[in-house]
Every structure is written in C-alpha cells, then in structure tokens.
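Worksheet: the structure to be examined is printed underneath.
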Amino acid sequence: MIYKFRMISGDNKAFLRDYEIDSNQSFLEFHKLIQNNLNYDASQLTSFFLTDEKWNKGLELTLIDMDNDAGPAAMPMDSVRIKDTLKERKERLLYVYDIFNDNLFFLELMDIYIPNCAVRYPICSASIGEPPLQS
C-alpha cells in the first residue's frame, strides 16, 4: 500500500509538502526522501516521533542506534517499516530535522491506497513554499 503524508512547518505557514511512500519502506528511506527533497544536510541528526492526536511525542525513531538498558524508548529508522507503526489515516508524526534547536515538521497520514503501476515511489507529489533553513 502507498501512504500519503502531508508535511507542514510551524515556522513557515506558506510551506507544505505531500510525500507518497510504499508502506513496506523503512523510516530511513522516508528520511532520505525528505532530506533530498528539501536539500538538507543528511549528515545531521534527525528523528521521527510517533505522536498522539495532540502532537505529544511517543516512540522515537532515530538515525543512529541509541542502544540503552531502559527499554525501547527509541528504535533505529532503518529497522522499522512504515506500516509496522502506522495503520490508519490521520495518524501523526513529528520529524525533528535539527535536534539541537528542536526544529521540526508536522506529518499527518492523509491517505492509504493501492499503488499506481506507472509511478515510481517514493515521491514528493505536492510542493508549496520554501522550507525553513536547516541550522
């Protein structure tokens, strides 16, 4: 299945991106799509956070494995497929692209549908405005 996400910024109201990605792909692949699309420096630390409907942070999906003894507070992006954590429309994520300054994007799962054979996923299907600068 294809998952369509809408990304917005709290810092730039004129910014919007729609991303469509195969649900079997990992969060690392989603991260690479975002970084490439926004022309950001992919070497900087980033994380996805699963959230509730009020954007409260839950499980963190990290770029690097942050092994700890306290349990699964964080998991590496490359080990988690998108469909393993998100199942329904309207589920939400935060994408923190600048950990040290807490700069982030809001992502919402807008649609789930059967892939179009003529399209090569993942893609950015809508792009409005310039992204905020990456620190």
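Computed from heavy atoms alone, side chains included, the values below leave out hydrogens, waters and symmetry copies.
- Grouping the Ile, Leu, Val, Met, Phe, Trp and Tyr side chains by contacts below 4.5 angstrom, directly or via other members, places I123 with Y113.
- The hydrophobic clustering, which links ILVMFWY residues whose side-chain heavy atoms are closer than 4.5 Å, places F5 and I114 together.
- With a 6.0 Å radius and a threshold of 12 heavy atoms from other residues, nucleotides or ligands, Q44 has its CD atom above the threshold.
- In the hydrophobic clustering of ILVMFWY residues, with side-chain heavy atoms under 4.5 Å counting as a link, W55 and V96 come out together.
- Inspection of the S9 and D11 side chains reveals no N or O donor paired with an N or O acceptor under 3.5 Å.
- Considering only residues two or more places apart in sequence or on other chains, N36 meets the side-chain hydrogen bond (donor to acceptor under 3.5 Å, both in side chains) condition with none of them.
- Residues T85 and E91 come closest through the heavy atom pair O-OE2, 4.2 Å.
- Partners of K13 by side-chain contact (heavy atoms from CB on, under 4.5 Å), not counting sequence neighbours: none found.
- In this structure a side-chain-to-backbone donor-acceptor pair under 3.5 Å is missing from Y97 to I34.
- Considering only residues two or more places apart in sequence or on other chains, F27 meets the ring pair (Phe, Tyr, Trp, His ring centres under 6.0 Å) condition with F48.
- Between P132 and N12 the shortest heavy-atom distance is CG-CB, 4.4 Å.
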Worked check of side-chain contact (heavy atoms from CB on, under 4.5 Å) between L86 and L93: CA-CA 9 Å; L86 302 170; L93 298 166; 4.0 Å; yes
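- For Y95 and F30, the ring centers are positioned 6.0 Å apart or more.
- Scanning both residues, N37 and Y19, for their nearest heavy atoms gives OD1-OH, 2.8 Å.
- Between T51 and L94, the shortest heavy-atom contact is CG2-CG, 3.6 Å.
- By the salt bridge (charged side-chain N to carboxylate O under 4.0 Å, His left out) test, D78 is found to be paired with no residue, residues two or more places apart in sequence or in another chain being considered.
- For P131, the side-chain contact (heavy atoms from CB on, under 4.5 Å) partners are F15, R17, L38, Y40, not counting sequence neighbours.
- By the rule that hydrophobic residues join a cluster once side-chain heavy atoms approach within less than 4.5 Å of another member, I2 and V80 end up as members of separate clusters.
- Take K32 and apply the side-chain hydrogen bond (donor to acceptor under 3.5 Å, both in side chains) test, not counting sequence neighbours, and it matches no residue.
- Here the side chains of K4 and S125 are in contact, with some heavy-atom distance below 4.5 Å.
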Residues Q25, Y3; criterion side-chain contact (heavy atoms from CB on, under 4.5 Å); working and verdict: CA-CA 10 Å; Q25 292 182 281; Y3 282 21; over 6 Å; no
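- Take L63 and apply the side-chain contact (heavy atoms from CB on, under 4.5 Å) test, not counting sequence neighbours, and it matches L28, H31, T46, M77.
- Checked by atom type and distance alone, the side chain of E60 never pairs as donor or acceptor with a backbone atom of S47 at under 3.5 Å.
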Taking only distance into account, with no hydrogens and no angle test, what donor-acceptor pairs under 3.5 Å do side-chain atoms of residues 100-110 form with protein atoms, sequence neighbours excluded?
unit_1: N101; atom_1: ND2; unit_2: D98; atom_2: OD2; d: 2.9
unit_1: N101; atom_1: ND2; unit_2: S135; atom_2: OG; d: 3.4
unit_1: N103; atom_1: ND2; unit_2: D98; atom_2: OD2; d: 3.0
unit_1: E108; atom_1: OE1; unit_2: R92; atom_2: NE; d: 3.4

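- Applying the side-chain contact (heavy atoms from CB on, under 4.5 Å) criterion to A42, with sequence neighbours excluded, gives Q35.
- Legend: residues meeting side-chain hydrogen bond (donor to acceptor under 3.5 Å, both in side chains) with S23, ordered by chain and number and at least two apart, are absent.
- Residues forming a salt bridge (charged side-chain N to carboxylate O under 4.0 Å, His left out) with D22 (at least two apart in sequence, or on another chain): none.
- Residues meeting the ring pair (Phe, Tyr, Trp, His ring centres under 6.0 Å) test with Y121, sequence neighbours left out: none.
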